[in-house]
Number of protein chains: 2
Amino acid sequence: MPQTKKSTLVLVAERAGVSIASVSRVMNGLPASEQVVERVRKAADELGYAPNATARSLKAGKTEQIALAVADVGNPVYVGMMHEISRVVTKAGYRLVLSSTGSDPQDQIDLLTALNRGFADGLILSPLRVTEQLGEKLAGSRLPIVIIGSVPPGVELDNVRADSATGMGLAVQHLVEQGRERIALVNGPLDTVPGAARLGGYLRALEAHGLPANPEAQVAAKDFTYRAGLKAAARLLDQCTPDAVVCANDLLAIAVQKVVTSRGLRIPDDIAIVGMDDTELAELAQPAITSVDLGSVKRAKTAARLLLRRLDDPQAPIEQVVIEPSLTVRASSVSGARESGL
Amino acid sequence: MPQTKKSTLVLVAERAGVSIASVSRVMNGLPASEQVVERVRKAADELGYAPNATARSLKAGKTEQIALAVADVGNPVYVGMMHEISRVVTKAGYRLVLSSTGSDPQDQIDLLTALNRGFADGLILSPLRVTEQLGEKLAGSRLPIVIIGSVPPGVELDNVRADSATGMGLAVQHLVEQGRERIALVNGPLDTVPGAARLGGYLRALEAHGLPANPEAQVAAKDFTYRAGLKAAARLLDQCTPDAVVCANDLLAIAVQKVVTSRGLRIPDDIAIVGMDDTELAELAQPAITSVDLGSVKRAKTAARLLLRRLDDPQAPIEQVVIEPSLTVRASSVSGARESGL
DNA sequence: CTGTTAGCGCCTTCAA
DNA sequence: TTGAAGGCGCTAACAG
């Protein structure tokens with residue numbers, strides 16, 4: 001077994017009786033004579049030598065690390081995105097540093113200052129709320145940043161976002177086609193970017209289909225979690241009697257489903273439900289939930305690629321990508337679908 | 001707005017008209033005269049100076065990073081653990097590096113070699129399968145490692161593990177108390193540590209309660225995922241007629257629930273279901289699923305603390321912690337519970 | 001092909 | 001209090 005103490009170029013060089021430069025060359029596969037290669041290999045092996053990553057980073061001016069910060073861990077959609085980003089950047093030889101930011105915007109500011117210390121070569125950021133101060137900090141960053149979601153006005157950064165307003169449109173249209181007329185909305189907080197977008201899309205879609213927008217049919221959960229969804233759903237059902245509910249994400253949809261069922265109403269016969277994000281949760285649910293696929297995995301992959309590209313070529317033109325939504329229909333919104341195997 | 005170019009100690013020193021040592025001192029809050037502090041502050045501000053993390057690491061001999069590697073991302077239980085670990089290590093001033101390892105043991109070997117390059121100060125590892133080669137590598141690591149799960153025989157490392165055999169016992173006992181007699185098992189792969197432990201616990205528990213161990217009532221899914229669970233559940237119900245099913249985790253439990261329901265059987269009346277891990281999924285399910293809490297969050301927190309402690313004091317005695325399981329009873333296993341609000 | 005050397009950016013004795 | 005200088009471990013340019 002290799003030595004368990006730490007070892008450096010110098011130690012290996014001494015043991016092999018060559019210069020440190022030779023060791024470096026051998027370790028990096030640069031040309032060297034048979035003899036030297038042999039002896040260095042042996043010495044390195046015996047010492048269990050592994051080149052120090054930090055020293056290399058300092059020399060090279062890059063860390064081979066990419067930072068990822070999402071506001072809402074715990075939401076399954078982010079887990080999937082994280083997974084995908086991890087896959088892509090790892091394949092490109094980068095490590096992924098998870099920077100936990102809560103919903104507090106200050107966390108993100110701190111993160112950006114830390115980033116400027118160069119602990120990573122770039123950042124993928126998915127902010128829930130966008131403040132002016134955040135915008136400034138983003139603009140002033142020296143390192144490449146890719147935003148998942150909307151960029152603050154005036155900030156020129158690569159970004160990928162979902163078109164959740166159009167997604168809402170798909171959901172509403174589908175429900176209208178199913179003959180629903182009193183379509184309610186269970187949204188997340190309105191002061192978040194996604195929350196605002198979903199509300200806008202919902203109102204626009206109702207209007208497009210000539211349906212009235214009943215304020216009592218619109219509730220906003222305190223956040224995008226299951227628990228908050230339970231309360232919001234209860235409130236909704238207390239104040240109106242919809243025949244369909246669209247939800248800002250799948251967690252909220254499951255919460256609505258639970259409350260609806262517990263009140264003795266049937267899904268989809270009495271109330272149809274549509275979620276958003278099309279996570280595994282929608283499929284697991286009983287009955288399975290129709291959901292708007294906002295292309296989370298695709299967004300994640302695109303974001304990772306945009307960042308890799310910019311790291312490769314800092315001068316590349318800014319790209320702003322919008323991923324189109326699509327609808328995955330399941331049993332929760334189609335009468336008779338359960339029997340037909342959906 | 002601060003300059004957007006990169007800046008170093010030297011640049012700040014020049015601009016402030018002092019030596020780099022003085023700048024360093026001011027940045028680190030060491031004693032300096034009013035004047036110097038003032039001028040350095042100003043210069044640093046104007047340049048948007050932030051001390052380079054890599055250089056600091058090289059000098060200090062530590063990265064302030066902790067690596068985390070779990071085999072089975074996508075399983076909600078790991079998401080929760082990751083979240084908790086992130087919380088604890090962040091509070092202690094460390095960044096979390098996510099090292100994706102698939103189920104391939106070679107990935108973990110590679111990870112350990114990378115770790116010896118010192119990209120992080122320590123590692124938290126949760127392996128699904130434990131090979132001999134992994135054991136050797138673990139033993140030969142120069143950096144502190146905490147294992148979540150069982151350590152290979154002969155390897156002396158800090159570790160935290162769940163007692164899933166006892167957990168199985170709780171599940172079986174609960175079902176027996178509910179009057180169930182034909183208790184089936186939907187397990188994960190038997191060549192994984194958790195899979196083997198769960199099977200052992202199951203068999204032991206049956207015996208303890210004087211129940212026969214019917215081989216046809218035991219199936220092993222190909223992995224611990226929902227999809228694999230669907231197949232396993234179908235197989236199980238094809239070959240026997242249990243009145244209860246214990247599952248190796250909540251994903252499998254939900255799969256079983258789905259298949260059971262789709263075959264027109266009622267939960268819990270015809271078949272009771274118990275899951276494991278007690279994730280949010282168990283609560284979301286319809287009906288909610290009774291689940292064995294294996295203390296995942298507690299394990300995560302403990303693992304993080306053990307690693308922090310060892311980083312703080314490398315000489316500390318090895319600690320091996322076992323977290324006791326407990327049972328969270330929900331509607332899926334108690335007849336009449338749905339009406340009483342469980 | 002090989003060795004010597006100059007940094008990468010920072011912290012930290014050691015003198016002044 | 002302040003500055004000069006060495007070195008953390010490595011790579012790359014330059015001699016030999």
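Chain letters run A, B, ... following the sequence lines, proteins first and then strands; every chain starts at 1.
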Would you name the heavy atoms of [X] and [Y] that are closest together and state the gap between them?
X: Asn116(A); Y: Gly140(A); answer: ND2-O, 4.4 Å
X: Pro317(B); Y: Arg310(B); answer: O-NH2, 3.2 Å
X: Thr54(B); Y: Ser57(A); answer: CG2-CB, 3.5 Å

Residues [X] and [Y] bridged, charged N to O under 4.0 Å:
X: Lys42(A); Y: Glu46(A); answer: yes
X: Glu319(A); Y: Arg309(A); answer: yes
X: Glu84(A); Y: Arg87(A); answer: yes

If I take atom [atom1] in residue [X] and atom [atom2] in nucleotide [N], what distance separates them, rounded to the nearest angstrom?
X: Arg39(B); N: dT1(D); atom1: CZ; atom2: C1'; result: 14 Å
X: Leu11(B); N: dG9(C); atom1: CG; atom2: C1'; result: 11 Å
X: Glu64(A); N: dC10(D); atom1: CD; atom2: C1'; result: 14 Å
X: Leu58(A); N: dC11(C); atom1: CG; atom2: C1'; result: 13 Å
X: Glu14(A); N: dG9(D); atom1: CD; atom2: C1'; result: 14 Å

*asked:* On the nucleotide dC8(D), are OP1 or OP2 found under 4.0 Å from the side-chain N or O atoms that Ser57(B) carries?
replied: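 Result: no.
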*asked:* Determine whether Gln65(A) and Gln65(B) satisfy the following criterion, side-chain hydrogen bond (donor to acceptor under 3.5 Å, both in side chains), listing intermediate values before the conclusion.
replied: CA-CA 12 Å; Gln65(A) 295 189 154; Gln65(B) 295 189 153; 2.9 Å; yes
*Which nucleotide in dG3(C), dG9(C), dT2(D) has an atom nearest any side-chain atom of Val18(A)*: dG3(C)
_So if I take every side-chain heavy atom of Thr8(A) and compare against dC8(C), dC10(C), dC10(D), which nucleotide ends up nearest?_
dC10(D)
*5'-most contact on DNA chain D: Ala60(B) or Ser19(B), nearest heavy atom basis?*
Ser19(B)
*For Ala55(B) and Ala32(B), take the nucleotide of DNA chain D holding the closest heavy atom to each; which residue's nucleotide lies nearer the 5' end?*
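The residue mapped nearer the 5' terminus is Ala32(B).
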*Val10(B) near the nucleic acid: base, sugar-phosphate alone, or nothing, with a heavy-atom cut-off under 4.0 Å?*
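No contact.
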*asked:* Return a single string for nucleotides 11-16 of chain D, one symbol per nucleotide in 5' to 3' order, where B is base contact, S is sugar-phosphate-only contact and - is none, cutoff 4.0 angstrom on heavy atoms.
replied: BBB---
